[in-house]
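Following: one structure in structure tokens, then a few remarks.
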Protein chains: 2
Amino acid sequence: MPNSTRTRASTGNSAKKSEKKTTVSPSPERRRELLSTAAEVFAAQGYNATTVRRIADEAGMLAGSLYYHFDSKESMVDEILSTFLDELWAGYEAVLGAGLGPRETVEALVTESFREIDRHRAAVAIYQKESKHLSAQPRFGYLTESQRRFERAWLGALERGVAEGVFRADLDIRLAYRFLRDTVWVAASWYRPGGQHSPEEIARQYLSMVLDGITPRERQERP
Amino acid sequence: MPNSTRTRASTGNSAKKSEKKTTVSPSPERRRELLSTAAEVFAAQGYNATTVRRIADEAGMLAGSLYYHFDSKESMVDEILSTFLDELWAGYEAVLGAGLGPRETVEALVTESFREIDRHRAAVAIYQKESKHLSAQPRFGYLTESQRRFERAWLGALERGVAEGVFRADLDIRLAYRFLRDTVWVAASWYRPGGQHSPEEIARQYLSMVLDGITPRERQERP
DNA sequence: GAGCTTCCCTAACAAGTGTTTGGTAGGTTA
DNA sequence: TAACCTACCAAACACTTGTTAGGGAAGCTC
């Protein structure tokens with residue numbers, strides 16, 4: 001029993017357009033358990049390198065038994081990624097709709113991102129590694145759409161910030177966007193929940209570097 | 001003929017411990033051509049998702065024919081990654097041995113990194129995606145070793161910088177290291193050679209953000 | 001206890017995988 | 001012309017892959 005007890009209560013929506021075949025009527029809690037182990041293996045080995053037999057092994061059952069809960073290996077990643085993105089965007093929209101200034105928006109987005117990494121480490125890692133070639137398939141079109149929303153959100157905050165003078169005007173704004181986006185999300189590749197730093201602490205340090213740079217400033221004045 | 005003419009002259013060492021089977025005596029130039037196309041496919045689709053038939057297709061020949069030049073799919077990635085790392089470390093050692101100050105060392109390392117991305121985009125992308133689970137195999141132990149050298153080089157420069165006061169003392173140095181390392185290398189996922197920005201230009205912008213931050217400084221004074 | 005549901009197992013399938021073996025067209029050397 | 005080498009093809013091999021079909025054990029309801 002490698003998986004042991006895993007009782008994370010997450011309010012995933014899952015089952016989007018799932019009235020097509022649905023094996024029988026599996027319990028949602030068991031589904032989430034299995035998805036959690038699957039996500040762990042996917043994140044560690046990569047999606048294509050992971051066999052359904054390996055997942056079943058880790059879950060303490062045989063490969064065929066997985067198909068009582070899911071109708072394909074593909075629908076497993078699908079559900080993993082879509083539930084993650086749903087929760088992510090719930091958090092993001094809350095930030096974007098709060099009427100914050102550009103700098104505060106960036107700070108809140110970064111902090112929220114690290115919280116999501118803390119909660120969905122495996123899903124984030126999968127998203128980073130696989131989204132590029134998964135999004136080629138029409139089934140995963142929401143990955144591309146999510147990327148666009150991402151870009152709008154970040155670019156918007158950066159542009160407003162430059163316009164209001166709280167961000168430097170001499171920077172390539174698209175480069176800065178990619179810079180921010182990447183620096184935040186790659187953290188999922190080394191971050192381990194329960195480590196020394198809390199997500200908020202990591203966010204604080206990251207923001208410190210991104211906003212002020214790693215060289216010392218003469219006077220550190222912030223109202 | 002999808003590959004057309006590709007005549008990049010690189011002084012790869014390749015063929016490390018290759019006196020074990022070596023199919024026959026393939027010409028080194030053809031090897032490099034094929035490795036170039038293979039690297040392109042690996043970077044685009046991922047190593048495991050790439051079939052040897054796909055590589056052969058892209059090279060305009062049949063799958064079995066590849067085995068005249070290489071003895072396995074694995075040895076293809078091996079050669080791609082090891083030749084890249086060899087060249088990378090040649091450049092890095094040149095920087096590290098130049099007796100530069102901490103800030104100049106960081107600047108030079110970043111610039112050199114973007115030059116390597118420009119030259120070995122595909123290899124860097126592969127390295128990023130696959131090194132984690134490739135390094136589990138003893139054959140790819142040099143990946144782990146390279147990672148350690150990386151850490152030593154960057155951490156050393158950062159520590160010296162903090163000691164000399166050219167870098168902020170209030171930052172978690174390991175976080176800063178991962179921050180720097182990641183921000184530089186993830187660029188390989190979106191960088192396209194021949195684009196708007198030269199490697200040096202991108203390095204300049206990145207360094208500007210990393211060193212000074214994205215918020216404006218009151219006085220910009222640098223001797 | 002009959003019937004039903006939930007959850008998993010056993011055993012197989014077809015397709016796709018990396019790899020091998022033997023052959024051969026074309027050029028170079030003798 | 002004969003022998004040889006390079007670079008590829010054609011066809012198959014053994015194995016792994018995701019997936020399916022049928023069955024059965026435990027627990028609940030009536």
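All values derive from a computational prediction rather than experimental measurement. Below, chain A is the first sequence line, B the second, and so on; all start at residue 1.
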So, do F150(A) and W89(A) have ring centers that fall under 6.0 Å from each other? yes

Side-chain N,O ([X]) to OP1/OP2 ([N]) below 4.0 Å:
X	N	result
Y67(B)	dT19(C)	yes
H69(A)	dT6(C)	no
R30(A)	dC8(C)	yes
Y68(B)	dA7(D)	yes
S65(B)	dA7(D)	no

Test item: side-chain donor near acceptor, Q196(A) and E201(A), under 3.5 Å: no

Side chains of Y142(A) and D78(A), donor plus acceptor under 3.5 Å: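 Distance-only check passes for Y142(A) and D78(A).
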
Using the C1' atoms of five pairs at each end, what's the angle between the two axes of the helix from dG1(C)-dC30(D) to dG16(C)-dC15(D), to 10 degrees?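 So the angle between the two local helix axes works out to 10°.
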
Spacing between [X] atom [atom1] and [N] atom [atom2], to the nearest angstrom:
X	N	atom1	atom2	result
E74(A)	dG18(D)	CD	C1'	11 Å
Q45(A)	dT17(D)	CD	P	11 Å
E33(B)	dC8(D)	CD	C1'	14 Å
M76(A)	dT19(D)	CE	C1'	11 Å
L66(A)	dT10(C)	CG	C1'	15 Å
K73(A)	dA15(C)	NZ	C1'	15 Å
M61(B)	dA10(D)	CE	P	13 Å
L62(A)	dA21(D)	CG	P	18 Å

Of the residues in residues 46-53 of chain B, which ones touch DNA chain D at a heavy-atom distance under 4.0 Å?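 Residues of residues 46-53 of chain B under 4.0 Å from DNA chain D: none.
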
Salt bridge (charged side-chain N to carboxylate O under 4.0 Å, His left out) partners of [X], counting only residues at least two apart:
X	answer
R149(B)	E93(B)
R53(B)	none
E145(B)	none

Is there any salt bridge (Lys or Arg N to Asp or Glu O under 4.0 Å) pair reaching into residues 175-196 of chain B, and which pairs are they, with sequence neighbours excluded? none

Indicate the ring-plane relationship of F179(A) and Y206(B), choosing parallel, tilted or perpendicular according to the 30° and 60° boundaries. perpendicular

Contact nearer the 5' end of DNA chain C, comparing G64(B) with G64(A): G64(A)

When you check the gap from the basic side-chain N to the acidic O, do E29(B) and R32(B) get nearer than 4.0 Å?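 Looking at E29(B) and R32(B), the cut-off is not met.
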
